[in-house]
Chemist: 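Here it is: the structure, laid out below.
Below, each value reflects all heavy atoms present in this structure, side chains not excepted, and no hydrogens, waters or symmetry copies. This is a predicted model, so every value here is computed, not measured.
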Amino acid sequence: MKGNNMISQSTGPDNSGPWGQGPNDRSADIDAFLRQGRRHLSGILPGGSPPGRGLLIAVALGLAAYGLWSSYYTVPSDSVAVIQRFGKFVAEVPPGLHFKFPLGIDTATIVPVKRQLKQEFGFATPGGNDPYQSPTDGRRETEMVTGDLNAALVEWVVQYRISNPVKFLFEVREPAATLRYVSESVMREVVGDRTVDEVITIGRQEIESEALLKMQALATKYAMGISIDQVQLKNINPPEPVQESFNEVNQAQQEKERLINEARREYNKIIPLAEGEKDQRIREADGYRLKRINEAEGDAARFTALLAEYLKAPDVTQRRIYIETLQDVLPGIQSKIIVDGSTSSILPLLNLDRQKETSQ
């Protein structure tokens, strides 16, 4: 196992055999196997101890069985196998059942290239089998200083994939541990460039994006064979001694925002109504002004036209105006008396009694 148990070295069908198993360990296994076989032969053969030729045959059979058992291996569908021959890289093998040289000549290391891996900072998810997934000292990792010299406890998660198994195994001695150091260094740098209010409230998404770019740049620079998919901030809190005071400040800020929002709501409800009424009054005044101006201009134009016609024929115009005036006045009179101009007196023509009865 190299750094974590997400990478396994396969020496048999069950892909067992830890990373870093030396030749002494393998020789001890072979010796134990041979001793066990010799004991079995001692119980089977007459005389209690096999002769030299029989011992050689038993050893050969044991080596053949062990070689057959260590000559094949299986690669899961989400992984690839990196083959080493006497410790030297030979090939990268896709998923499936494969064969290799037995007796430790070839070793197959399983690398999960299609599986998304993660590292947690400041907290640990139960059941994780990667020793580098969870922090050894979560308190130390989360304690950071912001740009305004305030302290904050920052928890985050880095999700990544193994993009190049060869670089992941051979370029860096402990790539998973190196990724933890890189992630912690970048996060401290990014958080240190911002105020505590930005870190806790409005700057989370910007911090995640900037940290992702910087972590990927360092992973590429160090040839770690890792592709970082996501950096996600979790809980961000002030230190415990100032937690209560910080909560009170947050509550005051939230109350302030609430009052401001209420004032804006009232403003948006009253001011637009007043603006609408003002515009309505202005438009009504403009309409009345235009109406009076147009009426005055029309009357002036009419009188000007009458004057022009009157100057052309004063008698005719005077008579026409007189007739038009009578047409407007006479329909409103109930009783009409027409007097002949040659009559010397109109008294005999008036029936006053009848007029009185009519008026009553």
Chemist: Please give me the minimum heavy-atom distance between Pro76 and Ile110, naming the atom from each residue.
Modeler: CD-CG2, 3.9 Å
Chemist: Indicate whether the side chain of Glu120 and that of Thr125 have a donor and an acceptor atom separated by less than 3.5 Å.
Modeler: yes
Chemist: To the closest 0.5 Å, what do you measure between CD (Gln216) and CE (Met224)?
Modeler: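 The distance works out to 9.5 Å.
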Chemist: Please tell me if the side chains of Phe303 and Leu307 come closer than 4.5 Å, counting only heavy atoms from C-beta onward.
Modeler: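 A side-chain contact under 4.5 Å is absent here.
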Chemist: Please determine which of Arg115, Gln116, Lys114 meets the side-chain hydrogen bond (donor to acceptor under 3.5 Å, both in side chains) test together with Asp78.
Modeler: Arg115
Chemist: Name the one of Met187, Glu155, Lys234 that satisfies side-chain contact (heavy atoms from CB on, under 4.5 Å) with Thr142?
Modeler: Glu155
Chemist: Answer yes or no: is there an ion pair linking Arg258 with Glu262, defined by an N-O contact shorter than 4.0 Å?
Modeler: yes
Chemist: Where is the tightest heavy-atom contact between Gly122 and Pro135, given as atom of each residue plus distance?
Modeler: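 Shortest heavy-atom contact: N-CG, 3.8 Å.
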Chemist: In this structure, would Ile162 and Phe170 fall into the same cluster of hydrophobic residues linked by side-chain contacts under 4.5 Å?
Modeler: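 Yes, because Ile162 and Phe170 connect within a single hydrophobic cluster, where side-chain heavy atoms sit under 4.5 Å apart.
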Chemist: Looking at every non-hydrogen atom in both residues, tell me the closest pair between Pro314 and Leu311 and how far apart they are.
Modeler: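 Shortest heavy-atom contact: CD-O, 4.2 Å.
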Chemist: Look at atom CD of Glu257 and say whether more than 12 heavy atoms of other residues, nucleotides or ligands are closer to it than 6.0 Å.
Modeler: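 More than 12 within 6.0 Å, yes.
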Chemist: Is it the case that Ser183 and Trp156 place a side-chain donor and acceptor less than 3.5 Å from each other?
Modeler: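 Result is yes, a qualifying pair exists.
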Chemist: What I'd like to find out is whether the side chain of Tyr73 reaches to under 4.5 Å of the side chain of Lys100, using heavy atoms alone.
Modeler: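 When only atoms from C-beta onward are counted, Lys100 and Tyr73 do touch, with a gap below 4.5 Å.
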Chemist: Salt bridge check: are Arg204 and Glu198 linked by an N-O gap of less than 4.0 Å?
Modeler: no
Chemist: Check for me, please, whether Leu179 and Val113 land in the same ILVMFWY cluster - side-chain distances under 4.5 Å, paths through other members count.
Modeler: yes
Chemist: Would Arg194 and Glu210 pass as an ion pair if we require N to O under 4.0 Å?
Modeler: yes
Chemist: Between Tyr222 and Val182, does a side-chain contact (heavy atoms from CB on, under 4.5 Å) hold up when you go through it step by step?
Modeler: CA-CA 10 Å; Tyr222 296 154; Val182 167; 3.8 Å; yes
Chemist: Measuring from atom CG of Leu153 to atom CD of Glu141, what distance do you get when rounded to the nearest 0.5 angstrom?
Modeler: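 Separation between the atoms: 12.5 Å.
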Chemist: Would you check if the side chain of Arg85 reaches a backbone N or O of Phe101 as a donor-acceptor pair within less than 3.5 Å?
Modeler: no
Chemist: How about Tyr132 and Gln119: do any of their side-chain heavy atoms sit closer than 4.5 Å?
Modeler: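 Side chain of Tyr132 against side chain of Gln119, heavy atoms only: contact under 4.5 Å found.
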Chemist: Looking only at heavy atoms, what is the nearest atom pair of Pro331 and Gln327, with distance?
Modeler: CD-O, 2.9 Å
Chemist: Between the side chain of Thr325 and the main-chain N/O of Ile321, is any donor-acceptor distance below 3.5 Å?
Modeler: yes
Chemist: Quick one: are Val111 and Ser79 in side-chain contact, heavy atoms under 4.5 Å?
Modeler: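 Side chain of Val111 against side chain of Ser79, heavy atoms only: no contact under 4.5 Å found.
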Chemist: Just wondering, are more than 12 heavy atoms of other shown residues or ligands nearer than 6.0 Å to CZ in Phe89?
Modeler: yes
Chemist: With a 4.5 Å cut-off on side-chain heavy atoms, are Glu208 and Leu212 touching?
Modeler: no
Chemist: Hey, are Arg188 and Glu184 close enough for a salt bridge, meaning a charged N less than 4.0 Å from a carboxylate O?
Modeler: yes
Chemist: Between Glu171 and Ala223, which heavy-atom pair has the shortest distance, and what is it?
Modeler: CB-O, 3.2 Å
Chemist: Kindly determine whether Thr195 and Asp197 satisfy side-chain hydrogen bond (donor to acceptor under 3.5 Å, both in side chains), including the steps that lead there.
Modeler: CA-CA 5 Å; Thr195 64; Asp197 292 333; 5.2 Å; no
Chemist: Please find the pair of heavy atoms, one from Ala108 and one from Ile83, that lie closest to each other, and give the distance.
Modeler: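 Answer, listing the atom of Ala108 first, then Ile83: CB-CD1, 3.6 Å.
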Chemist: Can you measure from CZ (Phe121) to CG (Leu233) and round to the nearest 0.5 angstrom?
Modeler: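 Phe121 CZ to Leu233 CG: 12.0 Å, rounded to 0.5 Å.
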Chemist: Determine whether Leu117 and Arg161 make a side-chain contact, defined as any pair of heavy atoms from C-beta on separated by less than 4.5 Å.
Modeler: no
Chemist: Report the C-alpha separation of Phe168 and Val82 in whole Å, then their side-chain angles, then the decisive distance to 0.1 Å, and conclude whether the side-chain contact (heavy atoms from CB on, under 4.5 Å) test is met.
Modeler: CA-CA 11 Å; Phe168 184 81; Val82 177; over 6 Å; no
Chemist: Less than 4.5 Å apart, side chain to side chain, heavy atoms only: is that true for Gln84 and Asp106?
Modeler: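 A side-chain contact under 4.5 Å is absent here.
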Chemist: Can you name the one residue among Thr220, Ile228, Ile226 that meets side-chain contact (heavy atoms from CB on, under 4.5 Å) with Met215?
Modeler: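 The single option meeting the side-chain contact (heavy atoms from CB on, under 4.5 Å) with Met215 is Ile228.
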Chemist: Does the Ser71 side chain pair with the main chain of Pro102, one donor and one acceptor, at a distance under 3.5 Å?
Modeler: no
Chemist: Please report the interatomic distance CD1(Ile200) to CG(Asn235), rounded to the nearest 0.5 Å.
Modeler: 11.5 Å
Chemist: Membership question, hydrophobic clusters at under 4.5 Å side-chain separation (ILVMFWY): are Val80 and Val166 in the same one?
Modeler: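 Both belong to a single hydrophobic cluster.
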Chemist: Quick one, Val158 and Lys118 - any side-chain contact, counting heavy atoms below 4.5 Å?
Modeler: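 No; the side chains remain at least 4.5 Å from each other.
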Chemist: Less than 3.5 Å apart, any donor N or O on the side chain of Asp148 or Asn150 sitting next to an acceptor on the other?
Modeler: yes
Chemist: Which distance, rounded to the nearest 0.5 Å, do you find between the CZ of Arg140 and the OG1 of Thr136?
Modeler: 6.5 Å
Chemist: Taking 4.0 angstrom as the limit, do Glu324 and Arg320 come out as a salt bridge?
Modeler: yes
Chemist: Measure the spacing between CG of Asn261 and CG of Asn268 and express it to the nearest 0.5 Å.
Modeler: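 Rounded to the nearest 0.5 Å, the CG-CG separation comes out at 10.5 Å.
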